[in-house]
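Reading through the structure tokens given below for one structure.
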Amino acid sequence: MTDPRAPKRIKTTTTCEESSKCITYCLPKEILEDIASKVASQSLADLYHLKLTSKEMMNITDDDYVYKHAYLDRVPFFRIKEIPQEESFLRRCRSSGNLESLYRQGTKEYFLDNELYVKGLGLVRLAAQKGHKRSMYAFAMIVLMHSDARKGSLGPKELEEALGYLRLLRNQKCVLKCRNEVVEFVRFLKWFMRFGLEMAPREHLCRNVPCTNTWRLRTGSWCLLTDEDDENDPNMCESCRWDLEVKEFFAMI
């Protein structure tokens, strides 16, 4: 026989809104921003749904941090028919300082618009200065290919900056990885170019003919095929290294 004086159990139900509020109150803002940026990287639809979970998440997902740190690997370089929601997302990424979006927009403007190329190069340079590796490589190749082209807009200062980026990438053994990724993007852009891509006449960095610090020969010719070529070699002429890198890049695009 049950005791009538025993406290009754009260069933409680928790709504989705209450659960989301509990999460937003319990977790630090920095973690919530990281979660939102990862959601934005995977699906814009999921980001929209995340905004609707609570007022707190609406504020979190509208923070510049989310757009600045969102990955754009799932966002294609170009769509034949633009998706308004996606275009709005990319504009917000650029205005928030997202380095990948700055790199994409700058590279497109440089190669596709003969009037906005200076602005485009400026965006690529800005992303490079903030540590974006593909931008470092792209800026370096543009400078080395067009070191005295387009009314002398690129000079010794830009050349030294470009070489500094290449040295950094080489020390981190990611020159070839960056080259392949930039080549992929520029090859895509070539389908929309209104004018041909030409390498401007320029002096080679290495002025020794023949060079006294030659590279290791492979099958009778110089080539860059493996990550080993990113290693520092005391017998390698650095200037020859970058002269050949420009030729390899231009040949691939």
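Below, all heavy atoms of this structure are taken into account, side chains as well, without hydrogens, waters or symmetry copies. Along the sequence shown, residues are numbered consecutively beginning with 1.
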Distance from F139 atom CZ to L144 atom CG, nearest 0.5 Å?
9.5 Å
Could you tell me whether a side-chain N or O of S96 sits under 3.5 Å from a main-chain N or O of C93, the two making a donor and an acceptor?
no
Would you verify whether the NZ or CZ of R179 falls within 45 degrees of the ring axis of F249 while also being under 6.0 Å from that six-membered ring's centre?
no
Same cluster (ILVMFWY, side-chain, under 4.5 Å), V66 and Y71
no
Side chain of N98, backbone of R94: donor and acceptor closer than 3.5 Å?
no
Is it the case that the side chain of S88 and the backbone of P84 share a donor-acceptor pair, with hydrogens and angles ignored and the cut-off at 3.5 Å?
no
Sidechain-backbone polar pair: R167 side chain, A162 backbone, donor-acceptor under 3.5 Å:
no
If you count heavy atoms of other groups shown closer than 6.0 angstrom to NZ of K68, is the number above 12?
no
Ring centres under 6.0 Å, that's the criterion: do Y165 and Y137 meet it?
no
Under 3.5 Å donor-acceptor, R134 side chain and A128 backbone
no
Taking S37 for its side chain and D34 for its backbone only, find out whether a donor-acceptor pair lies under 3.5 Å.
yes
Under the 3.5 angstrom rule, does the side chain of E181 hit a backbone N or O of C178 as a donor-acceptor pair?
no
So does G120 get a backbone contact from the side chain of R125, meaning a donor-acceptor N/O pair under 3.5 Å?
no
Flag, side chain of N180 to backbone of L176, donor-acceptor distance under 3.5 Å
yes
So, do R241 and V175 sit near enough that their side-chain heavy atoms are less than 4.5 Å apart?
yes
What's the spacing between L169 CG and E245 CD if we round to 0.5 Å?
9.5 Å
Check this for me: F188, atom CZ, are more than 12 non-hydrogen atoms of other residues, nucleotides or ligands nearer than 6.0 Å?
yes
For the pair E161 and K157, find out whether any cationic side-chain nitrogen is under 4.0 Å from an anionic carboxylate oxygen.
no
